[in-house]
**Q** 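Below you'll find the structure I mean.
Chain letters run A, B, ... following the sequence lines, proteins first and then strands; every chain starts at 1.
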Amino acid sequence: MSTLLESFNYVRPTNLDQLNLLVMDYITKGYDFTFSAGGTDIIPRLKKQIFNPENLISLSGISDLKGIEKKGEIIIIGALTTLDDLANHDLIKKYFPTLAHAAHKVASPQIRNRATLGGNIMVDNRCSYINQSSLNRDCHAPCFKADGDICHIVKRAKRGDEVLCQARFVSDTAPVLLLLEANITIMGQGGLRKIKLNDLYLNDGIDNRSLRKDELITKIEVKIPENESLHYEKLAIRNALDFPSLGVAVCLSEQNLSVALTGLNPRPGLFKAKIKNYNNFDEMVSDICDQALAFAVTYNQDFFPRAYRKSMIPVFIKRGISNILKEKK
Amino acid sequence: MNLTTVSVNGLDYTKAVSPSMTLLEFLREELGLTGTKNGCDSGECGCCSVMVDGKPMLSCLMLVLEAEGHKITTIEGIAQGNDLHPVQEAMVEYGAIQCGYCTPAMVINGVHLLENNKNPSNEEIKECISATVCRCTGYNSIERAIHSAAAKMKGGCHG
Ligand SMILES: Cc1cc2nc3c(=O)[nH]c(=O)nc-3n(C[C@H](O)[C@H](O)[C@H](O)COP(=O)(O)OP(=O)(O)OC[C@H]3O[C@@H](n4cnc5c(N)ncnc54)[C@H](O)[C@@H]3O)c2cc1C
Ligand code: SF4
């Protein structure tokens, strides 16, 4: 018997048809289930009893969901591709070095050998009150994310508020994928649909993704950039193992500057500026920093004080730009 | 209970297990292979590293049922009989073992590094051991041990 994990039923389909039949069966019967890919986000949450699904559907046996290929100017990444394979793949290193870098910044070597890209863009939002052992959580009244009636971060929050829970978005790869305007393919009982990655994210720490229960991500598609250069920088206490306290991705082309943020609000931030709309470059940079600062909601939910995390946003944006300009020379 | 067959250090073991059993619990409690340690049980200390198809992964974050069809190597599978692996020898030689709790994981990660990179830089060695917490040595002796093992392995002492 497992020491920390509550019991659940486990199934590992080996192809997409089996998976579809299984999901259809569970949906018709009204069974509670959840998907697991590499399990490196979900297993700790199960151990901490943050949630207890009755059924775990493992995607790890479906080889059709793994691998990276080039079709014309598009690179297609299977959702089950591991972060280590992504970071070391020739196509990714050649066309998307910043994506390889961001994948390499996730957790630790051992975790990246198992963690998947699909799991990383789906990684659950985090808060210092919820991502704790159940013993620790028992010291506080259960918060909204634990089906309770209070938020320990925003005490005045109440059901019906636009943003009920402030648990932070923490994926390291998502900001880079957002700037690359990645699309994701979603498979569900209604068939396949393709959406922009940005449309996956909702601004709430609990209901933070736009997927239906029966839906899963099968692939991530990214167009090879023509003249854009990117940079990603992460603020974390330690290089290994820590989630981003702040992550800033910057993309610069002849025409545009764009910035994506992670580690702050319940959804990632995404801002774009067209160079032609400004009198000069500095004005544009200062405007995009203002937009990012206006978006960023920081609470004391993390090791770094909120004011520090916020003040690092413009620093990282400007550093990103100057690194890109330096590399171009 | 689910029936599963898992290949560990070259032998197949078939057992009935609970689906919520982790690979770590299976190794320690079902097979008695207690070399792999349980530290934080949540992916943060690296103690439970084992190789899955030759790559280090955390056995506390992996369900045993996920290990079916893969080759697991634990610290017990690293030495060949009484012959220690050069990484193990170097750990002894450099005093890189104190309380010993992180040692199996340091060895697993070090062996993987040297199998894939004959000339690791300081940075690469640091990254390889970065996610295994050691509270005794201060890491320097472990780094030196891996360096020395790399040099020895190039000399062709082992295997
Ligand atoms: C110690 C530690 C440190 C970490 N540090 C970081 C970090 O620095 N940065 C970071 O970004 N993450 C970090 N993580 C979290 C996690 O390891 C990564 O985000 C990882 O990429 C998750 O991928 P996975 O395949 O293991 O996901 P899983 O745990 O399998 O799944 C995560 C979630 O995504 C859903 N899911 C998975 N695949 C799909 C799919 N194809 N379609 C739909 N839903 C899916 C699952 O249902 C689950 O809710 C850390 C984890 C640990 C334990
Ligand atoms: S932000 Fe509030 S509701 Fe959300 S997890 Fe933290 S304490 Fe709970």
**Q** With side chains defined as the heavy atoms from C-beta onward, is the minimum distance between A:D41 and A:D124 less than 4.5 Å?
**A** yes
**Q** Taking every non-hydrogen pair under 4.5 Å, which of B:N2, B:N109, B:V17, B:I108 racks up the most with chain A?
**A** B:N109
**Q** Can you name the side-chain contact (heavy atoms from CB on, under 4.5 Å) partners of B:R144, sequence neighbours left out?
**A** B:Y94, B:N140, B:S141
**Q** Under the side chain to side chain donor-acceptor pair (under 3.5 Å) test, which residues partner A:S60, sequence neighbours left out?
**A** A:R12, A:S58, B:E66
**Q** Please say whether the positively charged group of A:K213, taken as NZ for Lys or CZ for Arg, lies over the ring of A:F33, i.e. under 6.0 angstrom from the six-membered ring centre and within 45 degrees of the axis.
**A** yes
**Q** Can you check whether A:K105's main-chain N or O pairs, donor with acceptor, with A:K234's side chain at less than 3.5 Å?
**A** yes
**Q** What residues, two or more places apart in sequence or in another chain, satisfy side chain to side chain donor-acceptor pair (under 3.5 Å) together with B:Q98?
**A** none
**Q** Side chain from CB out, backbone as N, CA, C, O: work out which of these in A:L46 comes under 4.5 Å of a heavy atom of chain B, or both, or neither.
**A** neither
**Q** What residues of residues 49-63 of chain B make heavy-atom contacts with chain A at a cutoff under 4.5 angstrom?
**A** B:S49, B:K55, B:P56, B:M57, B:L58, B:C60, B:L61, B:M62, B:L63
**Q** Please look at A:N239 and chain B and tell me whether the side chain, the backbone, both or neither of the residue comes under 4.5 angstrom of a heavy atom of that chain.
**A** neither
**Q** Do side-chain atoms of A:N125 reach the backbone of A:A167 as a donor and acceptor pair under 3.5 angstrom?
**A** yes
